[in-house]
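As structure tokens, the structure follows; a few thoughts come after it.
Note that these values count all heavy atoms, side chains included, but never hydrogens, waters or copies made by symmetry.
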Amino acid sequence: MRRSDLVGDATDVAPRLLNALLSVRDADGVLRVGRIVEVEAYRGSHDPASHAYRGLTRRNATMFGPPGSLYVYRSYGVHWCANVVAGVDGTAEAVLLRAVEPVAGVASMRVARAGIARDVDLANGPGKLCAALSITGEDDGTDLCSRRSRIRLLRDGVDAPIRPTVTTRVGITRAVDRPWRFLVPDHPGVSRGRPSTVAR
DNA sequence: CTTTGGATCGTCT
DNA sequence: GACGATCCAAAGG
């Protein structure tokens, strides 16, 4: 995707990332590809639930950089979670990638997620997604718009849904009522979180 | 099916 | 020193 596609408020960029492809190249050249089916918007200084709400820190620095970067953080000391940085340089708009549908490199994902029976369970959560694609803190700051990067955001002709499903966000304790979770409607590969659906 | 608790550690208070 | 933008297994109905 072009960097210009990611300029804007996270709440506007997030639904536009649905059905885009997240592609990760292994050291051996194998590609693992997932279709993005669930995202959440985090709006920096405008959003008490954002890691960036209280300003720039060592951890969240990538979010304050240019759009198109990958912000990776550790969750609960155990898992990795990944965001696409949006907005413009100096703001901290970000889109948390919460679920992808495995599209290619499924065998590699199965190795990375040993013991998972169904393909749909390989990457239907933010921590699972990073595990399935082997995204770690080492990937923080990756430019997703560069041809040279091992992790990229791509379009394959499948457009974002005209009317995504919209709900409140999962797993947060502040700003819990904001309808900033976006899903491909009726897709089986979304995460377990079940907040209330928001009518539009 | 739902609920509960443990893992585990960097970050910020 | 407390707390997570989570996941999973085990226990309970």
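Nearest heavy-atom pair across A:A132 and A:R32 is O-NH1, 2.7 Å.
Looking at heavy-atom distances under 4.0 Å, A:G127 makes contact with sugar-phosphate atoms alone, never a base. Among the atoms of the strands shown, none is found under 4.0 Å from any heavy atom of A:R169. Base contact: A:L96 has a heavy atom under 4.0 Å from a base atom.
Look at CZ on A:R54: it is 15 Å from C1' on C:dA5, rounded to the nearest Å. Remark: C1' of C:dA5 and OH of A:Y73 are 3 Å apart, rounded to the nearest angstrom. The CG atom of A:D121 sits 11 Å away from the P atom of C:dC7 (whole-angstrom rounding). Look at CZ on A:R58: it is 9 Å from P on B:dC12, rounded to the nearest Å. Rounded to whole Å, atom P of C:dC8 lies 12 Å from atom CZ of A:R118. Straight-line distance from the CG atom of A:L97 to the C1' atom of C:dA5: 12 Å, rounded to whole Å. Distance, A:L70 CG to C:dA5 P: 18 Å, rounded to whole Å. Rounded to an integer number of Å, the gap from CG of A:N83 to C1' of C:dG4 is 15 Å.
Under the salt bridge (Lys or Arg N to Asp or Glu O under 4.0 Å) rule, A:D47 has a single partner from A:R174, A:R169, A:R54, which is A:R169.
A ring-centre distance under 6.0 Å is not found for A:Y42 and A:H51.
Salt bridge annotation for A:D119-A:R110: present, with a cationic side-chain nitrogen under 4.0 angstrom from a carboxylate oxygen. With respect to A:R150 and A:D139, a salt bridge is recorded, a charged nitrogen being found less than 4.0 Å from a carboxylate O.
The side chain of A:H51 contributes an N or O atom lying less than 4.0 Å from OP1 or OP2 of C:dA5. The phosphate of C:dT6 has OP1 or OP2 within less than 4.0 Å of a side-chain N or O from A:R98.
When Watson-Crick and G-U wobble pairs are counted only if both distances are under 3.5 Å, C:dA9 pairs with B:dT4.
Mapping A:A49 and A:R113 onto DNA chain C by nearest heavy atom places A:A49 at the nucleotide closer to the 5' end.
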